[in-house]
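Worksheet: one structure, shown below.
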Amino acid sequence: MIKNWKKTNENGISIPIDILSPHLSYFDKIEKSLKEEFLKGKKFGIAWEYNGLEISIFDKEASVEGFPTANLEYVIAIFRNSKLYPSPNNAVIFNLDGSLNKILQIPKFKSAIILEEIEKNNQKNPPLDDKHLSFYKYTRDTNDLGIELDILEINYALEYSESQILDPRSLELTNLFKSRFDRDYY
């Protein structure tokens, strides 16, 4: 079983994270001095224990955000500014032992607002030539049946994003969750 989830920085400072509540702020649960030391870091990673071993995902030249999937069977990590896992395929699924399971590929967009923009720009779907295309973040949400969903948000052309649901069996992005246009991005 996975336990003792934490975020780390390049200075070796780590803070504990509640794996059952990824949407909650973790800074209100730690001492102010630890928070300040942690935030002095420029690069961040993730670590956890599995079968008595400490597993760490860290990129010396980039930051890694990550969290266990809702079923606690995998870890999703999003690499930012990484040469190891560069955009647009910067979301990686790891097994609990830290071994690579798969690198997620940007799926086809499904939302009308982004499909219109892709067509207007004469791009293919997905528009792999877009320099701002990347996986942005992982979240969870609960559907009407009380099932917790794994959701990945994908950025397109700075102002647009689309969130898609990760199928827990196939580990593929399958359904549209929501899309967003943020005119005030700049």
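Worth knowing before you read on, the calculation uses all heavy atoms, side chains too, and leaves out hydrogens, waters and symmetry mates.
- The two residues Leu96 and Trp48 come nearest to each other via the heavy atoms O-NE1, 2.8 Å.
- The closest side-chain heavy-atom distance from Phe94 to Val92 is below 4.5 Å.
- Within 6.0 Å of atom CG in Asn81, 12 or fewer heavy atoms from other residues, nucleotides or ligands are found, so the atom counts as exposed in its surroundings.
- One finds the OG atom of Ser82 at 8.0 Å from the CG atom of Asn90 (value rounded to the nearest 0.5 Å).
- Taking the side chain as every heavy atom from C-beta outward, Phe79 and Ile57 approach each other to under 4.5 Å.
- One distance of note links CD of Glu119 with CD1 of Ile114; it measures 14.0 Å at 0.5 Å rounding.
- The backbone N or O of Ser63 lies less than 3.5 Å from no partner atom in the side chain of Asp59, so there is not a single donor-acceptor pair.
- Expressed to the nearest 0.5 Å, how far OH of Tyr85 lies from CD1 of Ile78 amounts to 14.0 Å.
- Put simply, the side chain of Thr69 gets close to the backbone of Tyr74: a donor and an acceptor are under 3.5 Å apart.
- Residue Leu152 holds its CG atom at 11.0 Å from CD1 of Ile165, rounded to the nearest 0.5 Å.
- With values rounded to the nearest 0.5 angstrom, Leu128 atom CG is found 8.5 Å from Gln105 atom CD.
- Residues that satisfy the salt bridge (Lys or Arg N to Asp or Glu O under 4.0 Å) test with Glu73, not counting sequence neighbours, are absent from this structure.
- Inspection of the Tyr156 and Gln123 side chains reveals an N or O donor paired with an N or O acceptor under 3.5 Å.
- The residues Glu65 and Lys7 are annotated as salt-bridged, a charged nitrogen and a carboxylate oxygen being separated by less than 4.0 angstrom.
- Every residue two or more places apart in sequence or in another chain was checked for a salt bridge (Lys or Arg N to Asp or Glu O under 4.0 Å) with Lys137, and none qualifies.
- Side-chain contact between Asn89 and Leu104 is absent, with no heavy-atom pair separated by less than 4.5 Å.
- Note: Tyr50 OH to Asp97 CG = 6.5 Å, rounded to the nearest 0.5 Å.
- Ala157 approaches Asp130 most closely through the heavy-atom pair N-OD1, 3.4 Å.
- For the side-chain contact (heavy atoms from CB on, under 4.5 Å) with Ile93, the lone residue among Asp150, Leu166, Leu100 that qualifies is Leu166.
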Expected list for residues 33-45: side-chain donor-acceptor pairs under 3.5 angstrom, two or more places apart:
unit_1 : atom_1 : unit_2 : atom_2 : d
Glu37  : OE2    : Lys40  : NZ     : 2.8

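- In this structure, Leu171 and Lys102 approach most closely via the heavy-atom pair O-NZ, 3.3 Å.
- Residues Leu53 and Leu72 share a hydrophobic cluster, clusters being chains of Ile/Leu/Val/Met/Phe/Trp/Tyr side chains in contact below 4.5 Å.
- Two different hydrophobic clusters hold Phe135 and Leu149 under the rule that ILVMFWY side chains link at heavy-atom gaps under 4.5 Å.
- Ring pair Phe67/Tyr138 is parallel by interplanar angle, where below 30° counts as parallel and above 60° as perpendicular.
- By the criterion of side-chain heavy atoms lying less than 4.5 angstrom apart, applied directly or through intervening Ile, Leu, Val, Met, Phe, Trp or Tyr residues, Leu176 is not grouped with Leu173; the two fall into different hydrophobic clusters.
- Residues Pro107 and Ile154 have side chains in contact (heavy-atom distance under 4.5 Å, counting atoms from C-beta outward).
- For the residue pair Asn155 / Ser134, no side-chain donor-acceptor distance below 3.5 Å is found, with atom types taken as modelled.
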| What's the verdict on side chain to side chain contact (heavy atoms under 4.5 Å, CB included) for Leu133 and Ile106, showing C-alpha distance, side-chain angles and the deciding distance? | CA-CA 8 Å; Leu133 186 67; Ile106 296 284; 4.0 Å; yes

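- At least one side-chain heavy atom of Lys110 sits under 4.5 Å from a side-chain heavy atom of Gln164.
- Scanning all heavy atoms of the two residues, the minimum distance from Pro16 to Lys6 falls at CA-CB, 4.1 Å.
- In this structure, Phe177 places its CZ atom where more than 12 heavy-atom neighbours from other residues, nucleotides or ligands lie under 6.0 Å away.
- Taking both residues in full, the closest heavy atoms of Phe109 and Ile118 are given as CD1-CD1, 3.8 Å, listed atom of the first, atom of the second, then distance.
- Looking at every heavy atom in both residues, Ser179 comes nearest to Ile113 through OG-CG2, 3.6 Å.
- Side-chain N or O atoms of Asp167 include one that pairs as donor or acceptor with a backbone N or O of Ser170 at under 3.5 Å.
- For the residue pair Thr142 and Glu148, no side-chain donor N or O sits within less than 3.5 Å of a side-chain acceptor on the partner.
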| Checking salt bridge (charged side-chain N to carboxylate O under 4.0 Å, His left out) for the pair Arg180/Glu159: CA distance, chi angles, key distance, verdict? | CA-CA 8 Å; Arg180 182 175 58 91; Glu159 302 169 319; over 6 Å; no

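- Side-chain atoms of Lys131 and Pro88, non-hydrogen and from C-beta on, never get closer than 4.5 Å to each other.
- Residue Phe58 is tested with Ile46, Val64, Thr8 for a side-chain contact (heavy atoms from CB on, under 4.5 Å); the sole match is Thr8.
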